[in-house]
Each structure stands twice: as C-alpha cells, then as structure tokens.
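First comes the structure, then the notes that go with it.
Just so it is clear, the values below take in all heavy atoms, side chains as well, and ignore hydrogens, waters and symmetry mates. A, B, ... follow the sequence lines: proteins, then strands. Residue 1 opens every chain.
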There are 2 protein chains.
Amino acid sequence: MAKGSVIIFAGPCTVVYEGRATSRLGVGERLVLIKKDRSILVHRPTGHEPVNWQPAGSMIDFLTENGLPVIRASNANELLKISFTAQPSLMVFDLRDTAEFEMYASEEDMKKAVLAKPSLVEPGFKPLEEERQVKRTGRVDILGLDALGRLVVVELKRKPATPEDVRQLSAYVESLNSEFGRKPRAILAAPSTTKAARREMEKTSVEFRCLTPRRCMQVLREAKGLDSYL
Amino acid sequence: MAKGSVIIFAGPCTVVYEGRATSRLGVGERLVLIKKDRSILVHRPTGHEPVNWQPAGSMIDFLTENGLPVIRASNANELLKISFTAQPSLMVFDLRDTAEFEMYASEEDMKKAVLAKPSLVEPGFKPLEEERQVKRTGRVDILGLDALGRLVVVELKRKPATPEDVRQLSAYVESLNSEFGRKPRAILAAPSTTKAARREMEKTSVEFRCLTPRRCMQVLREAKGLDSYL
DNA sequence: ACTTTTATTTCGCCG
DNA sequence: CGGCGAAGTAAAAGT
C-alpha cells in the first residue's frame, strides 16, 4: 500500500466514457479524485459509487481546451474524458498508509468452520474433499459422506440462497451422478432461502440447512481457542 | 440529483466495520468523503475502490474521543467507525449537479436492436413476445418463431456467455416444455462464450449466436435514422 | 418492502 | 493471462 499523493479537482465538468459501454454526463459540479496508481474517480454530490471511473494503471493526460483543464484517462480499450467548464479547485494530499486490511466471516470462513466442525452441516457428516473440481461443471464447496455413508455435496452461501444457487447445485448432482453412477445428496447451507429458491428445491431434491456466517464465526473462534492449547 | 455538500476529512485514522462481515484497518492516512445523502467512503492512497464505506441513508454521528474526531456511520445492521489519530484536514464542497447520466449499449439496447432487426438472431426469426414471464422460472428476453415456425427462446448477453447463462436458459426450456408440451429451441446470443459455457451447451442443446453490443448499436443507429423518415 | 437481475461490476484464485 | 465464482457486492427493476 505504502504512500502516494491524491489529487482532487472540484468544479463543473462534462464527462464522456467510451469503452465496454458508452456514457455521457452533462455539465454539473463534481469531485474528481486521481490517485498515484493512476486510478481515477468522478463523484457526484450523492451516491456512494462514482458515476464514472477508470481503474489503476490508466494513462492520464492533463490537457487544456479553451483555457480550461481537460483530463483524459485511457487504457487499451477505454477512454474517460473529463472537461471542466470553469476553473476547478485543486488539492493535493500526500497520504502514507501501510496498514493491513483484515476481513472476517467470508464464505471462505464458513467453509473453514464446517471443516472444523462438520456437524454444522448435519450430525455424522464427514468431509472428504473441499473445492473438488467436478468434470465440466465447476467446483463443489465440500464433498463428504453422511452418517449412512452416502455421498453428500455441500454448497455454502453467506446470503439467502437463490434459485441460481439451487440450479448450480443440481448441475453438480447430475455431473457426480454421471461420474460415480450414484446420485449424491445435495445440501445447500445458507442463512435462509428466497421463496423462488424454495420452489426450485422442491423440484430438485436439494436439501436446505440453515447456517449463518455469525454461527461460523463463533465456531472459528472456539477452534482458534482450542488451537492455542495445542 | 440536485445539489448537496460533500465533506472531506483527510488524516490518519483507524477503521472498524461490523455488519454483514467484520473488518479492521490499522492506522494510516486516508480520505473520508461524506455526502449530503449520508453515504460515506474511506479511500486509501491507492485503489479505485473504497476500503470501507456505508451506503446512502446511514445515520452519521460526529463524536470526539480524547480530543480527536470520531465518525460513526450506522444503519439497522451495520456499523462503520472511523477514529482519527491526529487532527484531520477538513474541507466542504457545495456541489450543484442536475445533469442526466446516460449509458448506451446495455443489454436492453441489444434487445431493442434484435426487435428492430430480428435477423440478428438468425434469418427468418420472428419475435413474438419480449420479457415473457415463464412459470416459476424467470423471464425470457425474447420468445419467437424460427423460419420453420418452431418456438425459439432467445437469451441476450452483452458479455461472454457463462455456464450460468446456459443453465438459466436450459431452465427456461424445461419450463416452456412443461407449459406447451413441446421443447423450444434455445439460442444464447452473446459476443462470445467461455469454454465451460461451450461444454455446458453441448450437454443441453442450447445454440450459440455471436452478437456484439457494438453491432447492436449500429443497428439502433440505423433504425433511428429510418425512424426520422417515418 | 422484498425479490431478482444487472454491472464499464471488481476482486481473487486457479488453471 | 483467461476463466470462473464471490462480494459487506451496489443499484435498478419488477412483484
């Protein structure tokens, strides 16, 4: 992360973007942030997302047209052009920031929790493999055996399960059926389901298991506490 | 859009987020933008995405701890806390911005182009309905008939088609099969496909038709040119 | 208000 | 480097 200056232009401008799509924005007062890594953001007075932007590594040119500043940020396939219609204010900040950003309770954390405590899925569940590549279909979160020794595919979601999630899991079931000649059970573990997902599940024998990121965090903390004794 | 002030704090701070997940960020110099709609952004010196944020409508409190400013931005389930470790610089910008943001060549535009010139899908294609609701499955982009009078489901994508897209289209085929007792043809029109999507298509009789947003834009321009004569 | 879909998604991982 | 799935996705559109 290290350090770098951030330049802010504040003033009235028009914005044109040509690239993956095309956009036009008429005259209005905005903030333009340009960072040392040559990422650029155009912010309107509302909305937490920039109206236009260009990711890091763009080529940034500062031009003048009719005595007013113009910023061109371009890469191989995209062009962002910001034309000021009056002299903008200009500020420069030198920022030093070497801190590490840490995030917890991701879907990855949910998987760690299930591997640490498989009964989160159901009593007697035994994980065999994680992230198994299923032929021509994709990757399964966890593959394991249930208490009766039957193959189980587990899909983890940190948000309410959608019909999409159910279809994806069904596709895994079909592929594994082809591969092993036996239909595995399918368990979708998520904090909840949407109604449409429920309907999709009724059609496809996918089972639902309620599992929240919060519960997984608890398990991980307990597991970590145990680790410190080993 | 109208107008509103934007407040920028610049200075060293720590950031804590608790909500859908949990994050921690140690001391470093950052920019904090607060807009009139009470959206809030924390920007590090690099990266075009904010490291932490809170969407519009958050409750924002300005506090003081040990003589230094603390910003708390919270909503029902989430809390963002920014604690400065030295006096930050403070700037306020009053921005007036009423311009309309216009974006072209979206998936919607692709649909308009196909309706204006159905042969983009294939010669003899005749659209019947757009955005048809399919029972318990979702909405189909375009439903029509091919040159031989067979039912055709068309799905449009402005980006390379994924296995996800193929599965979704297959689900439509199944639903329409149940509904009409006849299996429709399925055409996925996109600028390209991923390899995995190709494999998925081989399994499911979904056909691919190359169609780029750029070509659609041309057609729309032509159609617009025609319109001006009518 | 809730669900579903889209996105110039961005980001990270893995082949 | 491309493909693929996740994201505190966010925001828009439909129900």
Figure out the [atom1]/[atom2] separation between [X] and [N], and round it to whole Å.
X: Asp37(B); N: dA10(D); atom1: CG; atom2: C1'; answer: 13 Å
X: Arg167(A); N: dT5(C); atom1: CZ; atom2: C1'; answer: 11 Å
X: Asp165(A); N: dA6(D); atom1: CG; atom2: P; answer: 8 Å
X: Asp141(A); N: dA7(D); atom1: CG; atom2: C1'; answer: 14 Å
X: Glu200(B); N: dG5(D); atom1: CD; atom2: C1'; answer: 14 Å
X: Gln168(A); N: dC4(D); atom1: CD; atom2: P; answer: 12 Å
X: Glu164(A); N: dT3(C); atom1: CD; atom2: P; answer: 17 Å
X: Lys195(B); N: dC4(D); atom1: NZ; atom2: P; answer: 9 Å

When rounded to the nearest 0.5 angstrom, what is the spacing between [atom1] in [X] and [atom2] in [Y]?
X: Leu120(B); Y: Lys111(B); atom1: CG; atom2: NZ; result: 15.0 Å
X: Glu202(A); Y: Phe208(A); atom1: CD; atom2: CZ; result: 13.5 Å
X: Cys216(A); Y: Lys112(A); atom1: SG; atom2: NZ; result: 12.0 Å
X: Ile71(B); Y: Phe62(B); atom1: CD1; atom2: CZ; result: 5.5 Å

Among Val206(A), Thr162(A), Leu211(A), Asp141(A), which one satisfies side chain to side chain contact (heavy atoms under 4.5 Å, CB included) with Leu188(A)?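 When side chain to side chain contact (heavy atoms under 4.5 Å, CB included) is applied between Leu188(A) and each of Val206(A), Thr162(A), Leu211(A), Asp141(A), only Val206(A) qualifies.
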What integer number of Å spans the P atoms of dG8(D) and dC4(D)?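 It works out to 23 Å between them.
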Rounded distance in Å between the C1' positions of dA7(D) and dA11(D): 14 Å
Determine the minimum heavy-atom distance between Val6(A) and Pro45(B), stating which atoms define it.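 Closest pair (atom of Val6(A), atom of Pro45(B), distance): CG2-CA, 4.1 Å.
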Contact summary for Glu49(B) and His43(B), nearest pair of heavy atoms: C-CE1, 3.8 Å
Note every stem involving DNA chain C: at least three consecutive Watson-Crick or G-U wobble pairs, i with j then i+1 with j-1, with both distances under 3.5 Å.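 Paired runs of 3+ in DNA chain C: C:1-7 with D:9-15, C:9-15 with D:1-7.
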Are Arg72(A) and Leu79(A) close enough that some pair of their side-chain heavy atoms sits under 4.5 Å apart?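 SC-SC contact between Arg72(A) and Leu79(A) confirmed.
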Within the structure provided, determine whether Leu176(A) and Glu179(A) are in side-chain contact (heavy-atom separation under 4.5 Å).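 Yes, side chains in contact.
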Summarise protein proximity over nucleotides 8-15 of chain C in one line of letters, 5' to 3': B for base, S for sugar-phosphate only, - for none, counting protein heavy atoms closer than 4.0 Å. BBSS----
Report yes if at least one side-chain N or O of Thr162(B) is closer than 4.0 Å to OP1 or OP2 of dC4(D); otherwise report no.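 Indeed not, no polar side-chain atom of Thr162(B) lies that close.
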Report which part of the nucleic acid Lys157(A) touches: base, sugar-phosphate, or nothing (heavy-atom distance under 4.0 Å, all strands). sugar-phosphate
